[in-house]
Amino acid sequence: DGDAGAAGPGRRTLLVTEAATNRVRRVALEGNVTGSEGVASAVSFPYAGSYVAASGHRDDLGQASMFAAPAGVAVVPPAGGGAANGAAAYVCDSGNHALRRLERRLPTRVRVSVSATDASIFDASRTSEPGSSIPSAMTHARRDAVMDEYGCYSVNGPPNNETTHLSDTLTYRGETHDATMCLYPGQEYFFHFKGALRAVVADESLFVAENVTARNAYVAWEGFSVDDERSENVKLRGGGCTDPRAPNFDAWADREDGSCVPGVSVRITVASLGDFGVYQIEGPGVYYTEEVAPRVSENVEDDVHELVFAAYPQAAYTVQLHGALSAVVADAPGQVTNFTYLNHTSRNANSHRIEMFRPAGAGCTKSAFINYSPFATSDDGTCVLGSFLRVDSAATRVDSSNANVTADDWYEWGVVNALQPLLLGGQAVLTPVLFTAANVTAQQTVYVSPGRFPVRVFGDARATFTKVSEAGSEVLLSVDGTDASLRVDEHGFNSTLGNALAYLTVLGKDDELLDEGANSDSMVMGVDADAAVSGLVVANLSASAAAAARNDLVSDGARGAWDFLALVWQANPLRLKLDYLAKVTFPYDVAKLPTRKGNEETVAVRASDLTASDWRVIPGAVFDAAAEKVTVRVDYFSLFSVAARASARDAPPARV
């Protein structure tokens with residue numbers, strides 16, 4: 001609420017999370033989307049999250065980003081207030097168990113100017129004979145050849161080329177196209193120009209000031225024939241990290257904005273040892289691949305490549321090594337740490353190796369946990385327990401009497417594959433299974449970290465993922481490649497590859513505890529005096545907690561002991577503090593009252609959490625004996641129950 005996310009002065013807006021559509025919606029309370037004055041009705045439009053309501057995890061611009069059941073949002077205005085660039089909101093992305101930062105970016109007006117300039121193609125002064133006014137046949141032929149496409153250009157960018165796509169063709173001499181586009185600093189755009197064109201891409205302010213030069217333009221290019229072309233990736237100028245030693249160094253940043261993060265300098269040294277060798281390094285902020293020259297003899301010096309880059313501490317980086325080569329990945333000299341992450345040597349041209357490493361930094365130092373890192377310099381409390389999964393896969397059975405059944409695609413009878421989330425390195429969770437015949441089965445056991453894993457099944461294969469533990473077995477996912485409803489991509493569209501897509505969710509220790517009540521979170525309905533809490537669940541107290549509850553409610557023996565007249569009810573999440581009083585109504589058992597004459601003490605009580613160690617009386621409880629319900633007003637989610645004890649105030653003597 002307020003101006004933190006407003007589009008202009010005086011316009012109030014709201015950001016609202018939509019769990020069912022996996023989106024964050026922006027509601028303009030005054031005026032329409034364009035801010036027209038005099039329009040009082042509120043309007044809303046998708047602000048971030050998949051435009052087809054698909055669930056996932058992706059950091060991107062606007063509707064190219066993806067959430068999974070976002071459950072709340074808090075807006076943090078920028079230091080200057082108002083609608084300044086940098087206003088941020090924090091989204092509780094419950095399905096991904098993550099707190100996501102949603103930052104507002106104001107666009108920059110960029111002008112794209114393209115003109116056809118090659119006069120020689122349309123030079124009509126050239127004639128077939130001296131003194132003749134008729135153009136030569138060659139002139140006609142050349143003009144006819146290029147008339148339909150004198151030159152062409154295109155602009156592509158995020159999100160998904162929806163709002164930043166532009167393309168056109170120039171067909172005659174002197175034709176000029178001018179377009180002004182709103183592009184976002186920090187985002188990357190792809191420009192392509194082909195033909196006898198002059199192209200300039202620069203901030204619109206430079207055009208207005210007539211100060212466009214090759215030095216301050218994003219693109220300044222001229223082609224001299226129909227075959228000339230230029231492709232350019234451009235990132236708009238703006239604030240960013242200007243320190244080349246930082247892993248988030250921004251080569252397009254024109255000013256330091258204080259965003260630099262400390263990194264680790266990693267050096268990769270690759271040498272040729274035979275006829276063929278290719279290597280690739282990929283991770284946050286870096287992608288590089290190259291081929292080493294063949295080694296013709298032992299007496300010839302090796303082709304040695306050396307690459308140094310700034311890496312994020314403990315981020316996942318993947319190295320691929322193919323062929324006859326040696327490779328050493330280690331900390332560059334002059335740092336606090338001196339780790340060697342990989343040392344590889346192979347003289348076999350058919351050798352293939354893929355390894356993932358995490359550069360030095362704070363991480364998990366306990367080897368019993370799945371995310372243990374031998375290169376963690378200190379423990380940051382992020383250790384997590386893994387889970388064993390049994391993966392049973394098979395090619396769908398076919399009629400054995402049909403001898404002509406064959407596989408006519410690259411995946412033959414089917415492929416089953418599961419990948420890690422990209423944040424964990426994006427490597428295969430299990431070795432991909434390729435079925436080369438029908439009626440074949442396969443079984444694998446894998447040890448995986450908690451997370452949400454995309455599972456892709458091609459062809460007529462199927463797979464079942466079962467969690468195996470001392471407590472028994474639990475089927476987590478079954479996916480059938482022949483199920484047409486699963487043949488979609490991550491955005492919900494029909495898959496162009498024809499594969500089935502499903503998601504395997506493996507809970508961690510804390511997730512399992514939370515999941516017990518995940519579908520029973522309480523809600524506050526109504527406002528002010530009508531605010532009421534709904535969705536209570538029965539609390540599952542441990543034996544020690546139940547004993548603590550009984551002990552906490554025992555008073556002096558002369559006046560009797562307290563007994564619960566109701567189950568212990570729980571409002572999720574426990575310890576949630578409200579800024580107002582809300583009604584809570586729950587049942588109790590009137591038949592358990594200690595006397596029939598009503599001379600009892602009956603109270604509503606509450607405790608803070610599942611330890612049940614701090615029961616307190618809730619004042620002002622209203623009991624409805626006919627409905628066997630009690631209503632209290634609270635400002636705190638906790639455990640609730642009803643307790644009573646006998647209190648004999650009047651005991652007439654028995655007659656004898």
Side-chain angles (χ1 to χ4, degrees), residues 3-11 13 31 33-37 47 60-62 64 77-88 103-117 151-159 161-168 170 174-193 197-223 230-243 248-260:
D3 292 335
R11 293 190 61 208
T13 63
V33 175
T34 60
S36 300
E37 296 182 0
Y47 194 59
D60 213 322
L61 185 67
N85 197 32
E103 183 174 308
R104 188 176 185 211
R105 297 285 180 87
L106 298 181
T108 296
R109 292 173 67 89
V110 172
R111 186 168 168 181
V112 181
S113 178
V114 186
S115 58
T117 61
C152 59
Y153 62 93
S154 65
V155 182
N156 298 275
N161 297 334
E162 291 174 356
T163 60
T164 54
H165 179 73
L166 175 68
S167 63
D168 210 340
L170 289 82
E175 182 177 359
T176 299
H177 293 187
D178 269 310
T180 300
M181 309 177 69
C182 289
L183 307 184
Y184 290 87
Q187 298 293 320
E188 196 163 332
Y189 298 86
F190 178 74
F191 294 84
H192 178 72
F193 303 95
L197 306 175
R198 178 181 291 120
V200 177
V201 180
D203 293 338
E204 188 183 41
S205 59
L206 297 177
F207 279 88
V208 174
E210 297 183 351
N211 190 32
V212 177
T213 67
R215 187 164 179 258
N216 58 24
Y218 297 111
V219 178
W221 175 79
E222 185 170 5
R230 172 74 173 270
S231 297
E232 191 81 32
N233 278 5
V234 170
K235 194 172 183 182
L236 297 195
R237 281 186 290 270
C241 174
T242 60
D243 184 357
N248 62 329
F249 167 66
D250 187 350
W252 286 275
D254 59 2
R255 65 184 182 278
E256 175 63 51
D257 64 359
S259 62
C260 293

Inset, instruction - Go through the steps to decide whether Val201 and Tyr189 satisfy the test side-chain contact (heavy atoms from CB on, under 4.5 Å), and finish with yes or no. - result: CA-CA 11 Å; Val201 180; Tyr189 298 86; over 6 Å; no
Inset, instruction - Let me see the working for Ser231 and His192 under side-chain hydrogen bond (donor to acceptor under 3.5 Å, both in side chains), right down to the final yes or no. - result: CA-CA 4 Å; Ser231 297; His192 178 72; 2.8 Å; yes
Inset, instruction - Carefully, step by step, assess Val200 and Val219 under the rule side-chain contact (heavy atoms from CB on, under 4.5 Å). - result: CA-CA 5 Å; Val200 177; Val219 178; over 6 Å; no
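Residues Val155 and Met181 form a side-chain contact, since some pair of their non-hydrogen atoms from C-beta on lies under 4.5 Å apart. With a 4.5 Å cut-off on side-chain heavy atoms, Phe190 and Val234 do not count as touching. Side chains of Thr180 and Val110 form no contact here, defined as non-hydrogen atoms less than 4.5 Å apart. Side-chain contact between Asn248 and Ser259: present, with at least one pair of heavy atoms (C-beta onward) separated by less than 4.5 Å. For the pair Leu183 and Tyr218, the minimum side-chain heavy-atom distance is 4.5 Å or more.
For Glu232, the salt bridge (Lys or Arg N to Asp or Glu O under 4.0 Å) test picks out Arg230, with sequence neighbours left out. A search for ring pair (Phe, Tyr, Trp, His ring centres under 6.0 Å) contacts involving Tyr153 returns His177, not counting sequence neighbours.
The structure places CG of Leu170 at 12.5 Å from CZ of Arg198, a figure rounded to the nearest 0.5 Å. Atom SG of Cys241 and atom CG of Asp257 lie 7.5 Å apart (nearest 0.5 Å).
The main-chain N or O of Thr242 is found under 3.5 Å from a side-chain atom of Glu256 such that the two form a donor-acceptor pair. For the pair Asn233 (side chain) and Glu188 (backbone), a donor-acceptor distance under 3.5 Å is absent. Side-chain atoms of Asp203 never come within 3.5 Å of backbone atoms of Ser205 as a donor-acceptor pair (strictly under, hydrogens ignored).
Residue Pro107 comes nearest to Cys182 through the heavy atom pair CB-CB, 3.8 Å, listed as atom of the first residue, atom of the second, then distance. A pairwise comparison of heavy atoms in Phe193 and Val114 identifies CE2-CG2, 3.8 Å as the closest pair. Closest of all the heavy-atom pairs between Leu197 and Ala116 is CD2-CA, 4.2 Å.
Asp250 and Lys235 are joined by a salt bridge, as a carboxylate oxygen and a charged side-chain nitrogen come within less than 4.0 angstrom of each other. Under the 4.0 Å criterion applied to side-chain N and carboxylate O atoms, Asp178 and Arg111 are assigned as salt-bridge partners.
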